[in-house]
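Note that these values count all heavy atoms, side chains included, but never hydrogens, waters or copies made by symmetry. Per chain, numbering begins at 1; letters A, B, ... match sequence-line order.
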Amino acid sequence: MKKVEAIIRHFKLEEVKNALTEGGLTGMTITEVRGFGRQKGHTEMYRGTEYAVDFVPKVKVEVVCTDEQLQSVVDIMMQAAQTGQIGDGKIFVSDLANIIRIRTGETGQDAL
Amino acid sequence: MKKVEAIIRHFKLEEVKNALTEGGLTGMTITEVRGFGRQKGHTEMYRGTEYAVDFVPKVKVEVVCTDEQLQSVVDIMMQAAQTGQIGDGKIFVSDLANIIRIRTGETGQDAL
Amino acid sequence: MKKVEAIIRHFKLEEVKNALTEGGLTGMTITEVRGFGRQKGHTEMYRGTEYAVDFVPKVKVEVVCTDEQLQSVVDIMMQAAQTGQIGDGKIFVSDLANIIRIRTGETGQDAL
Amino acid sequence: MRRVRCGSVLLFVFFLLLFPQSLFAQEADPATNPGHLTWMLTSSALVLFMTAPGLAMFYSGLVRRKNVLGVMMQCLFLMGLMSVVWALWGYSLCFGGEGKFIGNFDHVFLKGLTMGTETPGELPGGEVPDLIFMIFQGMFFIITPALICGAFAERMKFSAMALFSVLWGTFVYCPLCHMVWGEGWLYYGSEGSLLGGALDFAGGTVVHISSGVSALLAAMMIGRRLGFGSEDMRPHNLTYTVLGAAMLWVGWFGFNAGSAVAANDSAANAFVVTHLSASAGALSWALIELIFRGKPGVLGTASGAVAGLVCITPAAGFVQPMPALAMGAIAGVVCYFACGKLKATFGYDDSLDAFGVHGVGGTLGAILTGVFATQQVYPDGPNGSVQLVIAQAAAVGVTVVLSLVVSFVLLKILDITIGLRISQEGEVRGLDIAEHGEEGYIS
Amino acid sequence: MRRVRCGSVLLFVFFLLLFPQSLFAQEADPATNPGHLTWMLTSSALVLFMTAPGLAMFYSGLVRRKNVLGVMMQCLFLMGLMSVVWALWGYSLCFGGEGKFIGNFDHVFLKGLTMGTETPGELPGGEVPDLIFMIFQGMFFIITPALICGAFAERMKFSAMALFSVLWGTFVYCPLCHMVWGEGWLYYGSEGSLLGGALDFAGGTVVHISSGVSALLAAMMIGRRLGFGSEDMRPHNLTYTVLGAAMLWVGWFGFNAGSAVAANDSAANAFVVTHLSASAGALSWALIELIFRGKPGVLGTASGAVAGLVCITPAAGFVQPMPALAMGAIAGVVCYFACGKLKATFGYDDSLDAFGVHGVGGTLGAILTGVFATQQVYPDGPNGSVQLVIAQAAAVGVTVVLSLVVSFVLLKILDITIGLRISQEGEVRGLDIAEHGEEGYIS
Amino acid sequence: MRRVRCGSVLLFVFFLLLFPQSLFAQEADPATNPGHLTWMLTSSALVLFMTAPGLAMFYSGLVRRKNVLGVMMQCLFLMGLMSVVWALWGYSLCFGGEGKFIGNFDHVFLKGLTMGTETPGELPGGEVPDLIFMIFQGMFFIITPALICGAFAERMKFSAMALFSVLWGTFVYCPLCHMVWGEGWLYYGSEGSLLGGALDFAGGTVVHISSGVSALLAAMMIGRRLGFGSEDMRPHNLTYTVLGAAMLWVGWFGFNAGSAVAANDSAANAFVVTHLSASAGALSWALIELIFRGKPGVLGTASGAVAGLVCITPAAGFVQPMPALAMGAIAGVVCYFACGKLKATFGYDDSLDAFGVHGVGGTLGAILTGVFATQQVYPDGPNGSVQLVIAQAAAVGVTVVLSLVVSFVLLKILDITIGLRISQEGEVRGLDIAEHGEEGYIS
Ligand SMILES: Nc1ncnc2c1ncn2[C@@H]1O[C@H](COP(=O)(O)OP(=O)(O)O)[C@@H](O)[C@H]1O
Ligand SMILES: Nc1ncnc2c1ncn2[C@@H]1O[C@H](COP(=O)(O)OP(=O)(O)O)[C@@H](O)[C@H]1O
Ligand SMILES: Nc1ncnc2c1ncn2[C@@H]1O[C@H](COP(=O)(O)OP(=O)(O)O)[C@@H](O)[C@H]1O
């Protein structure tokens with residue numbers, strides 16, 4: 001089983017969610033994050049004091065899926081989240097040792 | 001060493017925390033997240049414009065533990081977080097390559 | 001490729017970010033979290049009702065890097081985030097199976 | 001829903017019937033001093049300002065995030081609902097006729113209210129047009145049930161709250177208001193009044209005790225919130241509560257000094273003592289928290305100000321500045337214990353301390369009015385005396401009994417018919433989504 | 001930027017020229033009743049209070065988090081900008097001279113305004129000093145363009161908004177205001193007025209219709225927000241919207257009752273009917289949502305209150321309380337449909353429903369004034385009649401045509417020269433960062 | 001803590017001693033015009049409204065989230081504390097007797113204040129009852145130390161702040177207020193006054209300069225915030241700051257126009273010039289930011305409005321509208337530089353720019369009053385002249401010296417005894433948790 005974490009732009013969330021749902025994925029978890037990367041931030045100034053705001057608000061989408069689903073999940077995400085501009089974000093893939101559904105206690109792929 | 005991530009309901013947080021503490025776990029980190037799954041969201045309507053709100057607020061509990069503790073951590077979490085209703089959430093288990101305590105520089109299990 | 005997650009104090013964020021940037025790291029993602037550990041929380045009281053607030057606000061810094069960079073990332077983080085007081089936080093290191101840059105579709109180390 | 005539809009149709013029929021009808025005779029009266037009129041307009045605006053934004057902010061800051069709109073809605077909706085009820089029959093039941101216990105129907109639909117001030121003897125508010133006296137009093141009719149909402153916050157059905165408020169307004173507030181201010185059974189100096197009648201300048205009994213004890217009863221009948229005592233129920237936004245308290249403080253000048261129904265010495269005195277009592281209340285609650293809690297709390301200071309305001313309300317036109325300082329200081333301390341200890345001891349869940357502040361503070365104020373009243377402030381009234389204290393206590397007693405008995409009946413009926421409490425699932429999701437399909441904050 | 005720099009230099013030169021000059025003759029006039037003066041000072045403060053915090057909160061709660069400052073800024077900045085314009089030439093164009101369509105330059109830089117009330121016949125505001133009439137009216141000059149901002153919220157350039165407001169104020173508001181209140185072509189009973197002239201007590205045409213229809217046009221010309229219909233555009237902070245609505249309600253007492261320009265029976269009546277209409281509006285919108293949406297919404301209740309306030313505005317000095325209840329109730333229902341259905345049907349993006357509430361509610365109010373006006377409230381005016389309704393409709397027509405034509409020209413010119421809309425990137429980032437380099441909330 | 005306990009016991013003893021005593025003689029005075037009274041009641045409410053919610057929102061929005069309650073608490077608590085001090089001895093030290101430098105104890109515990117307006121010559125406020133003059137002035141006594149809190153925000157001990165405020169109020173405010181308004185050494189036209197005395201209509205010296213320079217000193221003595229210059233110290237909630245600024249603007253009408261102590265031409269003029277100066281200040285600060293910063297900031301616009309308000313304060317009853325526009329415009333520009341450049345150059349941490357806005361803006365206003373004052377507005381006063389400018393400057397000088405010297409002594413004493421600054425750990429956690437055991441926002 002795999003965990004796919006994508007850092008994407010806020011206004012792409014809806015699209016990504018819909019694409020994943022259409023792709024048969026039934027669950028995901030999202031988190032508000034702030035990202036630092038090639039995309040430049042901005043500066044703000046308050047009564048003469050300047051602040052460089054390097055972190056850009058992003059949203060992290062976590063999808064846990066089977067090894068077979070992995071490629072399609074990544075493809076779907078990439079397609080839905082892409083604008084072609086710097087700052088589109090990254091997808092990180094890692095292995096999961098186990099999954100448990102709290103409600104039923106099912107484990108492994110059954111828990112998805 | 002293992003990382004256990006549980007997506008649970010807000011009002012179960014207190015219980016889970018207490019159960020883990022009683023179970024001898026000394027640390028955890030929590031994050032506000034929003035989840036999409038079988039549990040249905042709701043619709044909102046503002047002056048005639050309707051929005052389907054599919055994401056449900058959840059809280060993610062991350063506990064890092066030794067391989068030996070893993071089973072008990074999972075069991076404790078499952079028991080404390082369960083209501084039996086759709087939306088109880090999932091537990092994801094993954095391997096950690098290393099842990100470092102920033103204060104002391106200790107690594108591995110000593111850092112816990 | 002490795003994912004390094006550090007739970008640090010808020011007021012160390014700027015320092016950590018700068019140290020990492022100087023160390024040649026080009027990206028990171030941060031999340032507001034709350035931590036429970038040795039560092040004690042505090043109690044609050046509202047019109048006679050007392051609440052023990054065990055969770056302390058922390059910030060999680062996630063840096064994805066190559067295996068070669070790992071040691072330097074960890075060292076940099078540790079140095080920059082350390083105060084020597086209880087509550088400095090932890091660094092968790094895990095393996096990544098893959099990385100994809102959404103904008104270009106590059107994978108693996110190229111995506112960094 | 002059928003019920004509601006019928007109701008609204010009925011309402012419309014009323015309107016249609018009434019349009020072309022002449023409701024009041026316009027007679028310019030040169031005697032109306034624009035200064036008095038201005039003060040009463042300003043005061044009316046200030047009292048509305050108390051309900052919202054004031055109370056809406058004060059209360060909504062104290063609940064959890066998921067209920068913030070639910071609480072604000074209670075205030076906002078009651079502004080609409082109670083005002084309409086007031087215009088249709090509330091005012092008349094309060095100030096119509098010379099009955100001992102309740103008004104009559106002389107002024108339903110605001111019939112017979114004139115602009116001139118030369119009004120027939122049975123109407124109070126001599127210094128300003130009846131219409132303005134009516135609107136000023138109407139603002140009290142809004143805030144009183146809104147205060148009760150603090151007790152059953154975060155769990156009561158919106159529909160039940162609305163119906164309860166209408167019924168409570170009609171069957172508790174109207175008789176009480178008539179008895180106390182409509183020259184009825186509790187009015188000081190009126191013929192045949194209870195032990196000579198009681199002093200209540202701006203609503204110690206009518207507003208605060210009535211709402212406070214009804215609130216306590218409601219909290220007990222509806223039961224505690226899910227997770228009470230175990231879950232995190234800290235106020236989600238104390239900044240709102242502080243700002244709301246400050247707005248209440250400002251608005252209270254209209255409440256108390258406006259109750260002079262003229263811009264005169266009585267209003268001036270009421271203004272001053274109101275401010276001083278609030279100040280002393282804020283200070284004394286902060287100090288007692290410093291002693292017992294180790295730190296002066298922000299919520300405590302805000303609550304102390306409100307306690308001071310509540311306590312001086314019945315006394316505002318009768319007591320001098322220094323006693324006002326004392327009243328506020330005492331109120332801060334007494335309400336501190338009422339909120340902190342009573343609830344813990346008896347285990348009820350008066351969520352926002354409607355009883356602890358308004359019930360207790362109002363009672364305290366009513367009694368202390370009997371102690372500190374002086375003819376030097378209000379020459380036509382009594383000086384403080386044991387006798388007056390007893391009369392005040394009697395008025396408190398009548399208020400408590402009336403409020404409890406009628407509220408109990410109303411709540412029972414509502415509980416049996418439509419139910420008082422929202423579903424468990426609704427309570428977990430929060431009033432905002434469950435009852436209104438909206439969210440307070442979107443990040 | 002060059003343009004702006006020149007502008008500011010010019011402004012300074014103006015000031016420098018004007019310093020030592022005598023602008024008004026100070027003549028103590030014993031006839032000015034301090035009660036009237038107090039009411040007008042209070043009302044002026046209340047109307048400013050409407051724009052900010054009132055409207056600023058009401059509107060800013062409805063947008064997305066990233067635009068919260070942008071919206072507040074529009075209100076705040078217009079308080080500065082429009083006031084200066086008003087003092088320099090706006091007031092004069094509204095109330096100078098006896099022209100039929102627009103004022104003259106008699107009072108530019110506030111020349112010739114006296115403190116005494118014995119003012120030459122061409123100046124209104126007999127009960128209070130000219131200067132106070134000026135400042136009260138100036139508050140209207142601020143809020144009217146601020147209302148328009150609701151339509152193009154979240155996407156208009158700040159500079160374009162500022163310039164548009166100045167031009168719109170000068171070329172739409174000033175003529176309209178002069179025609180309606182400056183004894184011009186639309187003034188009731190003035191010589192040669194259109195069909196005898198129309199009644200507009202506090203700004204149904206001048207303020208609400210003019211801003212409402214201009215807002216609709218602006219929304220259509222500037223186009224929909226990026227992601228309209230697909231992205232999550234829920235109000236980011238409905239608590240602000242509720243609190244803002246309550247503040248608008250309170251402030252509106254100054255708006256309407258202040259429009260009597262004295263603390264007299266007319267003010268008293270305006271106060272009462274304003275409150276009742278707002279109440280009925282809140283109630284009726286909540287009820288219609290209960291029927292069609294299943295739940296009474298908080299935003300709906302707040303919107304209903306505002307709709308009721310808008311609708312009663314032109315009528316406040318002419319109608320009785322019961323008709324006011326009816327007007328509010330009707331406004332709540334009509335505006336509910338205007339906001340919910342019209343927008344969906346025609347697909348424009350009037351982001352905060354400036355048209356649906358102010359345009360529609362104002363029109364409704366203007367017409368219903370023709371129905372419910374009665375000499376029992378305003379003895380010198382007409383009773384409701386078909387004829388009056390027609391005159392009212394004619395005034396509405398003139399207002400709509402003037403607003404649309406002039407606004408169209410102004411917007412076109414601005415679009416061609418400096419552009420109306422911010423860059424796509426700016427829109428995605430939000431007005432706060434893009435236009436002002438600041439953020440509303442830092443966690 | 002022992003200290004505090006004793007203090008509160010003492011307070012209670014005072015109360016107990018004073019209850020039954022007759023504090024003022026009630027004499028109905030038919031000459032008190034209800035219009036004047038109403039204006040002063042309204043103004044008093046408005047000035048309280050400035051401190052909270054106004055200043056509380058304005059200031060608290062500017063700090064970091066973890067200190068939001070701490071800042072609000074300072075405003076709220078001072079409302080309680082300073083009012084009690086005012087009633088006990090503050091008023092008397094300001095307005096008792098005919099001393100040149102400070103009042104006497106004639107009116108401690110508000111002794112001898114009458115309701116009638118026929119008051120002995122030594123008491124000002126002829127148009128309204130003494131009691132109302134007292135309460136109006138008392139509101140100034142609250143806000144002045146609250147303004148200082150902006151300088152040492154986010155790091156001062158609550159207890160030190162409270163004690164400092166009481167002492168500062170007693171030893172800086174009271175003498176200054178007496179000298180300027182109590183017909184003392186700086187009062188215009190009083191016998192033996194410094195260079196003939198200075199004009200200060202509503203508190204340029206007494207309120208703004210005194211608080212501004214004391215604030216600067218306090219900021220320097222307490223030192224910079226931890227992490228100043230390196231950590232992110234952006235305002236956590238600029239929406240509060242904007243709303244607070246708007247509330248200050250509205251409340252300032254009471255502050256300035258109320259300072260006429262009657263609803264007369266002077267009040268009317270003060271109202272108008274206050275509004276225009278605020279407008280021009282908002283505009284000019286926004287424009288200068290457009291030039292130097294590339295974008296007009298929201299914080300800048302709000303600050304500009306406040307700067308304009310501060311600057312017109314001493315002048316409000318003496319200057320005409322066009323000069324008021326100029327004064328506001330100049331204040332916006334000057335304070336922009338004072339906040340942006342001075343701080344950076346000298347490296348002190350006046351966290352919320354209490355000095356940059358109030359100290360600098362107040363000084364500017366005091367001087368410009370000497371330039372623009374005209375008998376056309378205030379016939380009994382002087383016209384602007386070099387001589388008057390010098391007298392104004394002298395008054396500024398006295399204010400600065402007095403404020404600096406006394407504040408220095410007080411702060412030193414407090415620093416040595418109880419310490420001015422909270423612990424490092426407390427500062428990192430934030431005032432809310434460290435000093436009050438509460439949190440502002442719970443998500
Ligand atoms: N090394 C990294 N570790 C963790 N997160 C990263 C890393 N690099 C980039 N990110 C995340 O991806 C986001 C987008 O990266 P950025 O370099 O701005 O654009 P792009 O992905 O288009 O090259 C960043 O805002 C950050 O959240
Ligand atoms: N595939 C998934 N990837 C990541 N998170 C998931 C996934 N499926 C479910 N979740 C998380 O678990 C939560 C509960 O899932 P849900 O399907 O609603 O109920 P249940 O776990 O009881 O079947 C979701 O809200 C979401 O946060
Ligand atoms: N077992 C754990 N799993 C996950 N997070 C942990 C764990 N232990 C500690 N943490 C995180 O690290 C933070 C610091 O830990 P703490 O025990 O307070 O101090 P220290 O790291 O200095 O010993 C905690 O607030 C929590 O966020």
Is E/Ser443 in contact with chain F via its backbone, its side chain, both, or neither, using a 4.5 Å heavy-atom distance? both
Taking the side chain as every heavy atom from C-beta outward, state whether E/Met72 and F/Thr301 have any pair of such atoms under 4.5 Å apart. no
Pairwise side-chain contact, F/Trp249 with E/Leu48, heavy-atom cut-off 4.5 Å (strictly under): yes
Smallest separation among heavy atoms of E/Leu37 and F/Asn264, with atom names: CD2-O, 3.4 Å
For a 4.5 angstrom cut-off between non-hydrogen side-chain atoms, does E/Leu88 reach F/Met322? yes
Looking at every heavy atom in both F/Val250 and E/Ala52, which two are closest together, and how far apart are they? CG2-O, 4.2 Å
Straight-line distance of F/Leu243 CG to E/Ser60 OG, nearest 0.5 Å: 6.5 Å
To the closest 0.5 Å, what do you measure between OH (E/Tyr441) and CZ (F/Arg65)? 10.0 Å
Less than 4.5 Å apart, side chain to side chain, heavy atoms only: is that true for F/Leu238 and E/Asp432? no
Atom CD of F/Gln320 and atom CG of E/Leu113: how far apart are they, to the nearest 0.5 Å? 11.0 Å
E/Phe109 side chain reached by F/Leu325 side chain, heavy atoms, under 4.5 Å: no
Got a donor-acceptor contact below 3.5 angstrom from the E/Glu438 side chain to the F/Val298 backbone? yes
Chain E contact via F/Arg293 - side chain, backbone, both or neither, heavy atoms under 4.5 Å: side chain
Does the pair E/Val84 and F/Leu276 meet the rule for a side-chain contact (heavy atoms from CB on, under 4.5 Å), with working shown? CA-CA 7 Å; E/Val84 172; F/Leu276 293 180; over 6 Å; no
Using a 4.5 Å cut-off on heavy atoms from C-beta on, say whether the side chain of E/Phe49 contacts that of F/Phe49. yes
Per-residue tally against chain F (heavy atom, under 4.5 Å) across E/Met40, E/Met73, E/Met134 peaks at E/Met73
In the structure I gave you, are the side-chain heavy atoms of E/Ser83 and F/His275 within less than 4.5 Å of one another anywhere? yes
Can F/Thr239 and E/Tyr240 be said to form a side chain to side chain donor-acceptor pair (under 3.5 Å), step by step? CA-CA 10 Å; F/Thr239 71; E/Tyr240 275 16; 2.7 Å; yes
Side chain, backbone, both or neither: which part of F/Ala268 has a non-hydrogen atom closer than 4.5 Å to chain E? both
Under a 3.5 Å distance rule, please check whether F/His36 uses its side chain to pair with a backbone N or O of E/Pro34 as donor and acceptor. no
Could you measure the distance from the CE atom of F/Met233 to the CD1 atom of E/Ile442? Nearest 0.5 Å is fine. 13.5 Å
Counting heavy-atom pairs closer than 4.5 Å to chain E, which one of F/Ala302, F/Ala278, F/Pro296 comes out on top? F/Pro296
Before giving the answer on side-chain contact (heavy atoms from CB on, under 4.5 Å), spell out for F/Trp39 and E/Thr42 the whole-Å C-alpha distance, their side-chain angles and the decisive distance to 0.1 Å. CA-CA 8 Å; F/Trp39 179 237; E/Thr42 305; 3.9 Å; yes
Which bit of E/Ile142 comes within less than 4.5 Å of chain F, counting heavy atoms only: side chain, backbone, both or neither? side chain
Ranked by heavy-atom pairs below 4.5 Å to chain F, first place among E/Val68, E/Leu41, E/Leu81 goes to E/Leu41
Between CG of E/Asn33 and CG of F/Asn33, what distance do you get to the nearest 0.5 Å? 6.0 Å
If you count heavy-atom pairs under 4.5 Å between each of F/Val371, F/Leu299, F/Thr374 and chain E, which one has the most? F/Leu299
Do E/Thr38 side-chain atoms and F/Gly35 backbone N/O form a donor-acceptor pair below 3.5 Å? yes
Tell me whether the count of non-hydrogen atoms from other residues, nucleotides or ligands lying under 6.0 Å of CZ in F/Phe337 goes above 12. yes
Out of F/Ala245, F/Gly297, F/Ala282, return the one with the most heavy atom pairs under 4.5 angstrom to chain E. F/Gly297
Residue part contacting chain F, namely of E/Met247, when any heavy atom lies under 4.5 Å: side chain
Please step through side-chain contact (heavy atoms from CB on, under 4.5 Å) for the pair E/His436 and F/Glu289, ending with a clear verdict. CA-CA 10 Å; E/His436 307 294; F/Glu289 283 201 348; over 6 Å; no
OG (E/Ser44) and CZ (F/Phe271) are apart, to the nearest 0.5 Å, by 4.5 Å
Between F/Arg234 and E/Glu439, is there a salt bridge with N-O shorter than 4.0 Å? yes
